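From a predicted model like this one, the values you see are computed outputs, not experimental measurements. Side chains included, hydrogens not; waters and symmetry mates left out as well; all remaining heavy atoms used.
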Amino acid sequence: VEIYEFTSNSWRNLDAIIPDQAYLKSDGYACASLSGNTYWVSWIKKGDNDDYSLLSFDFSTERFQRLCAPFHHQPCRVDTMALSVVREEHLSLFYQSRQTLKVEIWMTDEIHTTFVSWSKFLTLDLVSPCFSNSMSFYIVDEEKKVVVCCVEDGFSDSKLVWIVREGEEYVPELPVYYGRQSVGFRSICHMPKLFGYFPKN
């Protein structure tokens, strides 16, 4: 593991080992930073199944730590997962089963160096779409259960912003331009990402 230091403008090797040789779910937005720590969705292979967890990196101690994930079932590696931060206080995790299309959004109650507790924030039984791992999401209103998702439209070169409210039918809103440009033989796709911002008084 290496870390880049802006003060010295150089890379530095760390004596840090990822526990249990876990793999990071590096596709999409399965990564977030909160209170000086960085978190990833990670998994290890256990026989024919994958064991998922939350992997944290503490920049003050320069150590990794595996924390529990909120799943009460066995996720599949192709399922959609994404992390985001809620008001700089909580982590939230978006999970969609590729098989059932059911969406679960979880939020941390407490998160410490070696312990995390979760509560289910929202459950959606969808007929479509199947969100890709390039999606990003943000919880806008905790009390009214409002979530905004930015997802790729599989039938056109565009992104859609979905505004989901608990107890209401979900509809795509605010179509977003999906940029694509060619450089030589490579096609570069511009993937929009949602960022939540709450101004401080």
Determine whether [X] and [Y] make a side-chain contact, defined as any pair of heavy atoms from C-beta on separated by less than 4.5 Å.
X: Q65; Y: L54; result: no
X: L91; Y: V86; result: no
X: F57; Y: Y39; result: no
X: W11; Y: I3; result: no
X: S56; Y: T38; result: no
X: E104; Y: Q96; result: no
X: L83; Y: F94; result: no
X: D20; Y: F64; result: no

Rounded to the nearest 0.5 Å, what separation is found between the [atom1] atom of [X] and the [atom2] atom of [Y]?
X: Y52; Y: D79; atom1: OH; atom2: CG; value: 7.0 Å
X: L14; Y: I17; atom1: CG; atom2: CD1; value: 11.5 Å
X: W43; Y: L55; atom1: CH2; atom2: CG; value: 13.5 Å
X: E142; Y: S92; atom1: CD; atom2: OG; value: 9.0 Å

| message | Let me check something: do I18 and F59 share a hydrophobic cluster, defined by ILVMFWY side-chain heavy atoms less than 4.5 Å apart, either directly or through other members? | response | yes
- Task: Determine whether M81 and L34 fall in the same hydrophobic cluster, where Ile, Leu, Val, Met, Phe, Trp and Tyr are linked whenever their side-chain heavy atoms lie under 4.5 Å apart.
- Result: yes
Please confirm whether the backbone N or O of I111 pairs with a side-chain atom of T108, one donor and one acceptor, at under 3.5 Å? no
* Asked: Is a donor on one side and an acceptor on the other found under 3.5 Å between the side chain of W118 and the backbone of C68?
  -> yes
Exercise. How far apart are the C-alpha atoms of M107 and K120, what are their side-chain angles, what is the distance that settles it, and do they pass the side-chain contact (heavy atoms from CB on, under 4.5 Å) test?
Worked result: CA-CA 6 Å; M107 187 187 300; K120 187 176 290 187; over 6 Å; no
- Test E110 against V116 for side-chain contact (heavy atoms from CB on, under 4.5 Å), laying out the working first. CA-CA 5 Å; E110 296 180 71; V116 62; over 6 Å; no
Closest heavy-atom pair, S53 versus A69, reported as atoms and distance to 0.1 Å, is CA-CB, 3.8 Å
Residues T113 and L67: closest non-hydrogen pair is O-CD2, 3.7 Å
| said: Can a side-chain donor-acceptor contact be found between S119 and D109 if the only test is distance below 3.5 angstrom? | reply: yes
### Task
Could you verify whether a donor N or O on one side chain and an acceptor N or O on the other, from N37 and S35, lie under 3.5 Å apart?
no
Test side chain to side chain contact (heavy atoms under 4.5 Å, CB included), reference V147, set V103, L122, L124, output is L122
Would you say that more than 12 heavy atoms from the other residues, nucleotides or ligands in this model lie under 6.0 Å from the CD of Q99, or not?
no
Exercise for review: Measure the acute angle between the ring planes of H112 and F115, then classify it against the limits of 30° and 60° as parallel, tilted or perpendicular.
Suggested key: parallel
Requested in this report: Start with the C-alpha distance between N9 and Y4, add both sets of side-chain angles, then the distance that settles side-chain contact (heavy atoms from CB on, under 4.5 Å), and finish with yes or no.
Outcome: CA-CA 7 Å; N9 193 30; Y4 183 81; 2.2 Å; yes
Apply side-chain contact (heavy atoms from CB on, under 4.5 Å) to residues E62 and D15 and explain how you reach the verdict. CA-CA 8 Å; E62 298 185 346; D15 185 23; over 6 Å; no
